[in-house]
Structures are given as C-alpha cells and as structure tokens.
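Note: hydrogens, waters and symmetry copies are ignored here, and every other heavy atom, side chains too, is used. One is the number of the first residue; the rest follow in order along the sequence.
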Amino acid sequence: QVQLVESGGGLVQTGGSLRLSCAASGGTFANYGMGWFRQAPGKEREFVADISRSGRVTAYGDSVKGRFTISRDNAKSTVYLQMNSLKVEDTALYYCAARSTWTMGRVANQYEYWGQGTQVTVSS
C-alpha cells in the first residue's frame, strides 16, 4: 500500500510560481509512474502531468504545457510539480497519484493510489 502526501500549495498572485511536492511511502517508489491531477469546484478532475518511473518521459495537459514541469527524485521518493506563470484558472485542489502500469497515464482510473490533495489558489 502506497501512501502519498502532497504539500506546497497556497495562495499566489497571477503570474507567480509554486512548487508542489508529493512524498511517497509504503512501496518502492521507482516502481510507479506518477501523475498530477487537479479539480476545481464544480468541475471534473483534470489531468495535469505524468512522469515515467525513471523520470525520462513526461506528459502534460494542454492547459499547462509550457508553464508546468513535473520531475521526480527516486532517492527521496518524491515527485514535484513546478508551476510558473500561474493563472486564475489554475485554482484547484491538486492531487498526486501513483500507477503501477508502464503505460503513461492521462486518465484517473489508470492510477491506484491517491493523495489527499493540496489547495492552490491564484488571485488576480
């Protein structure tokens, strides 16, 4: 059983930056692909970014491409999401998730384990 704990959320102004972290425990971190998703009130959960087990392959949702960067440190069992040029529409609860499949994952049901989320609020 893998436990995931997100941190780093907060309130930031438009154009600002935040770095989210997700610490994993209870499993061999390098055996899992990792993803970030977000959900705003009244909206469906949205794919943000995905990273392969080794960290060599990444994928991004269209709305964040070029602004967000996903990375991981397998020695620290942690995945990161660097968010730059933040917009009001980036406001959401951000979740990290772990998947045991090799296939890159843009869909929530590809992931077996989820964190509780960290809130990101971008003000204008």
Side-chain angles (χ1 to χ4, degrees):
Q1 188 79 3
V2 175
Q3 292 83 44
L4 302 172
V5 179
E6 301 96 335
S7 62
L11 175 64
V12 64
Q13 290 187 329
T14 301
S17 298
L18 281 175
R19 188 174 84 152
L20 306 184
S21 300
C22 173
S25 61
T28 302
F29 185 68
N31 287 347
Y32 293 89
M34 300 297 296
W36 286 96
F37 289 76
R38 67 187 183 186
Q39 189 164 18
K43 295 188 176 181
E44 294 186 354
R45 192 165 295 191
E46 177 189 12
F47 168 73
V48 175
D50 181 22
I51 189 166
S52 64
R53 298 180 181 195
S54 66
R56 287 193 289 266
V57 182
T58 59
Y60 296 92
D62 289 342
S63 61
V64 306
K65 202 172 294 184
R67 300 187 297 122
F68 290 11
T69 302
I70 189 171
S71 62
R72 66 189 294 161
D73 186 337
N74 285 350
K76 294 183 178 179
S77 298
T78 302
V79 62
Y80 304 97
L81 185 69
Q82 178 66 43
M83 305 186 295
N84 298 329
S85 303
L86 282 161
K87 305 175 181 179
V88 170
E89 49 266 42
D90 293 319
T91 296
L93 188 61
Y94 282 71
Y95 299 92
C96 73
R99 53 174 174 78
S100 59
T101 59
W102 285 96
T103 305
M104 296 294 282
R106 290 177 171 264
V107 179
N109 64 14
Q110 292 179 267
Y111 293 80
E112 296 107 299
Y113 303 103
W114 292 82
Q116 294 299 306
T118 184
Q119 178 67 38
V120 172
T121 303
V122 185
S123 64
S124 59

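Evaluation of the side chain to side chain donor-acceptor pair (under 3.5 Å) test over residues 100-109, restricted to residues two or more places apart or in two chains, returns Ser100-Glu112.
If you take OG on Ser124 and CD on Glu89, they are separated by 10.5 Å, rounding to the nearest 0.5 Å. Here OG1 of Thr58 is found 10.0 Å from NZ of Lys65. Values are rounded to the nearest 0.5 Å. Here the straight-line distance linking atom CD of Gln3 with atom SG of Cys22 works out to 11.5 Å at 0.5 Å rounding. Summarising the geometry, atom CG belonging to Asp50 is positioned 8.0 Å from atom CD belonging to Gln110; distances are rounded to the nearest 0.5 Å. Rounded to the nearest 0.5 Å, atoms OH (Tyr94) and CG (Leu20) are 7.5 Å apart.
Of the N and O atoms on the side chains of Asn84 and Ser17, at least one donor lies less than 3.5 Å from an acceptor on the other residue. Between the side chains of Asn74 and Tyr32, not a single donor N or O lies within less than 3.5 Å of an accepting N or O.
A chain of hydrophobic side-chain contacts below 4.5 Å, direct or via other Ile, Leu, Val, Met, Phe, Trp or Tyr residues, connects Leu81 to Leu18. Val64 is connected to Val12 through a chain of hydrophobic side-chain contacts under 4.5 Å among Ile, Leu, Val, Met, Phe, Trp and Tyr, so both are in one cluster. Connection of Phe47 to Leu86 is not established within any shared hydrophobic cluster, with ILVMFWY side chains joined at heavy-atom distances below 4.5 Å, either directly or through further cluster members.
A heavy-atom distance below 4.5 Å is not found between the side chains of Gln82 and Arg67. At a threshold of 4.5 Å between non-hydrogen side-chain atoms, the residues Tyr80 and Asp73 count as touching. Arg38 places a side-chain heavy atom less than 4.5 Å from the side chain of Asp90. Thr118 is not listed as a side-chain neighbour of Leu93, based on a closest heavy-atom distance of 4.5 Å or more. No side-chain heavy atom of Tyr111 sits under 4.5 Å from any side-chain heavy atom of Met34. Using a 4.5 Å heavy-atom threshold, the side chains of Arg53 and Phe29 count as separate. In this structure, Glu6 and Trp114 have side chains that are not in contact, with every pair of non-hydrogen atoms separated by 4.5 Å or more. When side chains are defined from C-beta on, Ile51 does not count as touching Met104, because their heavy atoms never get closer than 4.5 Å.
Nearest heavy-atom pair across Ala40 and Ala92 is N-CB, 3.9 Å. Among all heavy-atom pairs drawn from Thr78 and Ser21, the shortest one is CG2-CB, 4.3 Å.
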Report task. Any chance you could lay out the side-chain contact (heavy atoms from CB on, under 4.5 Å) test for Phe68 and Val48, step after step, and finish with the verdict? Result -> CA-CA 9 Å; Phe68 290 11; Val48 175; 3.8 Å; yes

Report task. Begin from the C-alpha positions of Ser63 and Glu46 and carry the test side-chain hydrogen bond (donor to acceptor under 3.5 Å, both in side chains) through to its verdict. Result -> CA-CA 10 Å; Ser63 61; Glu46 177 189 12; 2.9 Å; yes

Query raised in the report: Could you walk me through whether Tyr113 and Arg99 pass the side-chain contact (heavy atoms from CB on, under 4.5 Å) check?
Result: CA-CA 7 Å; Tyr113 303 103; Arg99 53 174 174 78; over 6 Å; no

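A side-chain donor-acceptor contact under 3.5 Å links Ser54 to the backbone of Arg56. Distance alone, capped at 3.5 Å, places no donor-acceptor pair between the Thr121 side chain and the Leu11 backbone.
Lys43 NZ: 12 or fewer foreign heavy atoms inside a 6.0 Å radius. Heavy-atom contacts from other residues, nucleotides or ligands closer than 6.0 Å to CD of Gln13 number 12 or fewer.
Aromatic pair Tyr95/Phe37: ring centres not closer than 6.0 Å.
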